[in-house]
There are 4 protein chains.
Amino acid sequence: MPRAVRERQMLDAAVRSFARHGYQTASMDEIAELAGVSKPLVYLYLNSKEELFTACIRREAEALLAAVAAGVEGRELPPDERLWAGLLAFFTYAAEHPDSWVVLSRQARTQGEPFATEASRMREEIAVYVAGLIGEAAREAHGAATITERDVTALAQALVGSAESLATWANETPGVTAKEAAATLMNFAWAGLGNLMKSERWSPR
Amino acid sequence: MPRAVRERQMLDAAVRSFARHGYQTASMDEIAELAGVSKPLVYLYLNSKEELFTACIRREAEALLAAVAAGVEGRELPPDERLWAGLLAFFTYAAEHPDSWVVLSRQARTQGEPFATEASRMREEIAVYVAGLIGEAAREAHGAATITERDVTALAQALVGSAESLATWANETPGVTAKEAAATLMNFAWAGLGNLMKSERWSPR
Amino acid sequence: MPRAVRERQMLDAAVRSFARHGYQTASMDEIAELAGVSKPLVYLYLNSKEELFTACIRREAEALLAAVAAGVEGRELPPDERLWAGLLAFFTYAAEHPDSWVVLSRQARTQGEPFATEASRMREEIAVYVAGLIGEAAREAHGAATITERDVTALAQALVGSAESLATWANETPGVTAKEAAATLMNFAWAGLGNLMKSERWSPR
Amino acid sequence: MPRAVRERQMLDAAVRSFARHGYQTASMDEIAELAGVSKPLVYLYLNSKEELFTACIRREAEALLAAVAAGVEGRELPPDERLWAGLLAFFTYAAEHPDSWVVLSRQARTQGEPFATEASRMREEIAVYVAGLIGEAAREAHGAATITERDVTALAQALVGSAESLATWANETPGVTAKEAAATLMNFAWAGLGNLMKSERWSPR
DNA sequence: AATGAATGAGTGTTCATTCAT
DNA sequence: TATGAATGAACACTCATTCAT
């Protein structure tokens, strides 16, 4: 069996195992068995548990980013439609690849270095991308805005957090579709950001 | 030394250790040493690593809920002020008890069963509370329910996710205060919620 | 069982195992079993295979040096008798502790760093000591001698090699006593060195 | 490429690897790579690591014996000159083939059966040859045997041990030539032997 | 004549857990 | 109430060895 195919099988098995048990608890034995190969082969191809996990994170992150990009690109759309398409693609990917999503959103970020950094890279990329979309859309919709760099970063964090939370919730709650989750976030973010751009801020008292 | 005091020491040590190393990597040896007792005593009081971790989650979850409740209760406030008070209390607690927050938000949720369930309980309790606030605000603003139960739940999930993400970001970013994090979310969320309740929804096409 | 006793048992077992199988082939499993304890205990007391082996080398080296010293010291003897006593003690120790001797002479020196250094220390100590004895004896017997520092070092190497070879041969050949081996070396070294001191050198042609 | 050539390449690589890392630590992977062939080919030609090591020992032992024999044979010489020629040839070979010498003197003898036996065979052959020389010299010097067979054997062991020790020392000490090592041993040994043969023995008391 | 692909068996090491006191 | 001493079970990782081609 050609090397590339075997390697894909192993990564599939590893993603599944890491998603279910977490990095520490997942055992190389189980991963090998799940992949239908012997343990030494896993080591021959992927060198160590750490590298295997890193490879998983990278592959899944790229797949997720590619899915979102594919949902948005190639069509001439107004900004709000672009945002919508991106969110939909994101929630659809998360729904269709729950293990992938668990590895990226949960496991990768909690295993300390060097995984957290690897996962952060993707998170940051998404945050920047989505924030860009939203900003663009908001600007177009509401004109120039007074909003600091710090605010943008904080908002991106809030947004990505919402998305993660909604994606997980959607995956765990029967009957909730990706479309529904995307719509919730779209409304939440779109309207909220719109007001912010119009400087209609809430303040205590 | 009375049992209650010893037990508190152990839980303190355990929370710290679990926060720093994660459930799997934290060792009973280190926890015992950190608590200043012998390992058998930890087992005598808390039976097993699993029960110890569960006890940590429970104690910290209760503390967090209590902190939020204390911030909100006892004063007659309009829904938005109640939400603000809750958010402020939440971010303040997370900032003042970073280990506790790490255990609850990161570690507990990534270690599979039975811990995830334990952590979800608290999260759900918060989500329900927030959903209540949203519903109340919606009713107050527009009388009849212009928003479905399902929508409220979804929004609550989004809000809680934002809050979690922001709390972690605030803890990890020097110079970000609890108040600032709360304000960011409040602006983001309340404005978005406001629009939603006015039925100004975004929809594709 | 007190720690000191246990530790001695483990070292005994390890010396035996290392002597029989060599450093690499000896397994911690076997050593633990031979010592009548569980493997974790071996690690608790001696940390690693490497440290265990080092501890063996050190203990056996000290025992050998002590045995030789005990054979020589405490009595007022002429130099040749001192040499004789030392050689006898050395061969006796090697005969009575064959595993110890194998570990010191064979295993320790062939496992690369850091063991070789550890073993060399002892070898050097013995070489210097024995060379000193011989030199002293020879000087007394034959007067001042013309022999360079380099020659002394080379001779010490030759001497120690002879002793090692004879000790191993004596251990492996039934019926050869320590006394006989010591006598062979004494004659070989004593006479040979005597002639050297008298500058009666052999040269080709 | 003809089989004989390939096989030589493999043995060369193996000797080098065994000398550097020892039998256990040397890996078939490295040996195959060093020989510039694939691992299965090594197995096709040499069957197993054990047989490969044995083949190395045998080839190197024969080479060493041949070198010594070539140094001595073909000329009619008195025993002392024969010994000198043999020693010179021996030290020269060891200096020029350090890996070979390490394998024979260190590695082969420390890896337990069946290698030790294999190495002993060569050592014994040398010892017997040396013993023959000694015996011959004794007879020539004094006619009848003033020295027992057992004594001769013991002396041969001592001499061989000295030679081994000196050869290793010479290889590891920069600036020491084969001739110098041979001279040291010759002086040491021959003088000592001379005295022995004149029955000038040292004895205790 | 030669190899890319694959594995069974074993190693050192760790850790949650429990006696005996 | 408290612990020093001890272990069963597992895990990451390696390596000599063999098919199938």
Side-chain angles (χ1 to χ4, degrees), chain A residues 1-3 5-7 10 23-32 35-53, chain B residues 1-3 5-7 23-32 36-53, chain C residues 1-3 5-7 23-32 35-53, chain D residues 1-3 5-7 23-32 35-53:
Chain A
M1 187 164 302
R3 177 166 181 142
V5 177
R6 275 272 189 255
E7 205 165 312
M10 290 177 196
Y23 175 66
Q24 296 284 350
T25 311
S27 92
M28 294 299 270
D29 269 302
E30 194 201 279
I31 291 170
V37 298
S38 69
K39 221 187 341 173
L41 202 59
V42 180
Y43 278 90
L44 190 63
Y45 284 13
L46 289 140
N47 302 319
S48 70
K49 196 183 190 183
E50 194 172 313
E51 281 191 37
L52 173 56
F53 193 40
Chain B
M1 190 165 298
R3 173 159 186 151
V5 176
R6 274 269 191 256
E7 209 166 307
Y23 174 65
Q24 293 289 342
T25 310
S27 87
M28 295 298 270
D29 266 302
E30 193 199 284
I31 291 170
V37 298
S38 72
K39 231 182 337 173
L41 200 59
V42 179
Y43 278 89
L44 189 64
Y45 283 10
L46 289 140
N47 303 316
S48 72
K49 197 185 189 184
E50 196 172 313
E51 282 191 36
L52 173 56
F53 191 40
Chain C
M1 188 164 301
R3 179 168 180 141
V5 177
R6 275 272 189 252
E7 207 164 311
Y23 175 65
Q24 297 283 350
T25 312
S27 90
M28 295 298 271
D29 268 302
E30 195 201 278
I31 291 170
V37 298
S38 69
K39 223 182 346 170
L41 201 60
V42 179
Y43 277 88
L44 189 64
Y45 283 13
L46 289 139
N47 303 318
S48 70
K49 197 184 188 182
E50 194 171 315
E51 281 191 38
L52 172 57
F53 192 40
Chain D
M1 188 162 301
R3 173 160 185 153
V5 177
R6 275 267 191 259
E7 210 166 307
Y23 175 66
Q24 294 289 340
T25 311
S27 87
M28 294 299 270
D29 267 301
E30 193 200 284
I31 291 170
V37 297
S38 73
K39 231 184 335 174
L41 200 60
V42 179
Y43 279 87
L44 190 63
Y45 283 9
L46 289 142
N47 304 315
S48 72
K49 196 185 190 184
E50 195 172 314
E51 282 190 37
L52 172 57
F53 191 39

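Proteins come first, then strands; the chains are lettered A, B, ... in the order of their sequence lines, and each starts at number 1.
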- Please state how far atom OH in C/Tyr43 lies from atom P in E/dT11, giving the value in whole angstrom units. 11 Å
- Mind checking the CG-CE spacing from A/Leu41 to A/Met10? Nearest 0.5 Å is all I need. 3.5 Å
- Atom CD of A/Glu51 and atom P of F/dA12: how far apart are they, to the nearest Å? 15 Å
- Task: Enter the distance from A/Leu46:CG to A/Glu7:CD here, rounded to the nearest 0.5 Å.
- Result: 5.0 Å
Between the protein and nucleotides 2-4 of chain F, list the N/O to N/O atom pairs that are separated by less than 3.5 angstrom.
unit_1: F/dA2; atom_1: OP1; unit_2: B/Arg6; atom_2: NE; d: 3.4
unit_1: F/dA2; atom_1: OP1; unit_2: B/Arg6; atom_2: NH2; d: 3.3
unit_1: F/dA2; atom_1: OP2; unit_2: B/Tyr45; atom_2: OH; d: 3.2
unit_1: F/dT3; atom_1: OP2; unit_2: B/Ser38; atom_2: N; d: 3.0
unit_1: F/dT3; atom_1: OP2; unit_2: B/Ser38; atom_2: OG; d: 2.9
unit_1: F/dT3; atom_1: O5'; unit_2: B/Ser38; atom_2: OG; d: 3.3

- Item | Over all atoms of both residues, closest heavy-atom pair of A/Ala32 and A/Ser38 | CB-C, 3.9 Å
- Task: Could you note down all residue pairs passing salt bridge (Lys or Arg N to Asp or Glu O under 4.0 Å) where residues 42-53 of chain B supplies at least one of them, sequence neighbours left out?
- Result: none
- Message: My understanding is that only residues two or more places apart in sequence, or in another chain, count here; which of them pass salt bridge (Lys or Arg N to Asp or Glu O under 4.0 Å) with A/Glu30?
- Response: none
- Message: Please enumerate all residues that pass side chain to side chain contact (heavy atoms under 4.5 Å, CB included) together with C/Tyr43, with sequence neighbours excluded.
- Response: C/Met28, C/Lys39
- Taken to the nearest whole Å, OH/D/Tyr23 to P/F/dC15 is 14 Å
- note: B/Met28, atom CE; F/dG8, atom P; distance rounded to Å ~ 20 Å
- Item | Watson-Crick or G-U stems of DNA chain E, 3 or more pairs, under 3.5 Å, by first number | E:2-21 with F:2-21
- Message: Reading DNA chain F from 5' onward, which residue's closest nucleotide shows up sooner: A/Thr25 or B/Arg3?
- Response: B/Arg3
- Give the minimum heavy-atom separation between C/Leu44 and C/Arg3, together with the two atoms involved. O-NH2, 4.2 Å
- For atom CG of A/Leu46 and atom P of E/dA6, their distance in whole Å: 13 Å
- Using heavy atoms to find the nearest nucleotide of DNA chain E for B/Lys49 and A/Pro2 separately, return the residue whose nucleotide is more 5′. A/Pro2
- Closest-nucleotide 5' rank along DNA chain E - winner of B/Asp29 and C/Asp29: C/Asp29
- Message: Does D/Ala32 reach a base, just sugar-phosphate, or nothing at all? Heavy atoms under 4.0 Å.
- Response: nothing
- Task: Check the distance between F/dA12's P and B/Gln24's CD and give it to me in whole angstrom.
- Result: 11 Å
- Whole Å only: how far is the CD atom of B/Glu50 from the C1' atom of E/dC15? 15 Å
- Protein-nucleotide distance (B/Glu30, atom CD; E/dA16, atom P), rounded to Å: 10 Å
- Note on the structure: Residue set satisfying side chain to side chain contact (heavy atoms under 4.5 Å, CB included) with A/Gln24, at least two apart, ordered chain then number -> A/Gln111, B/Gln24, B/Thr25
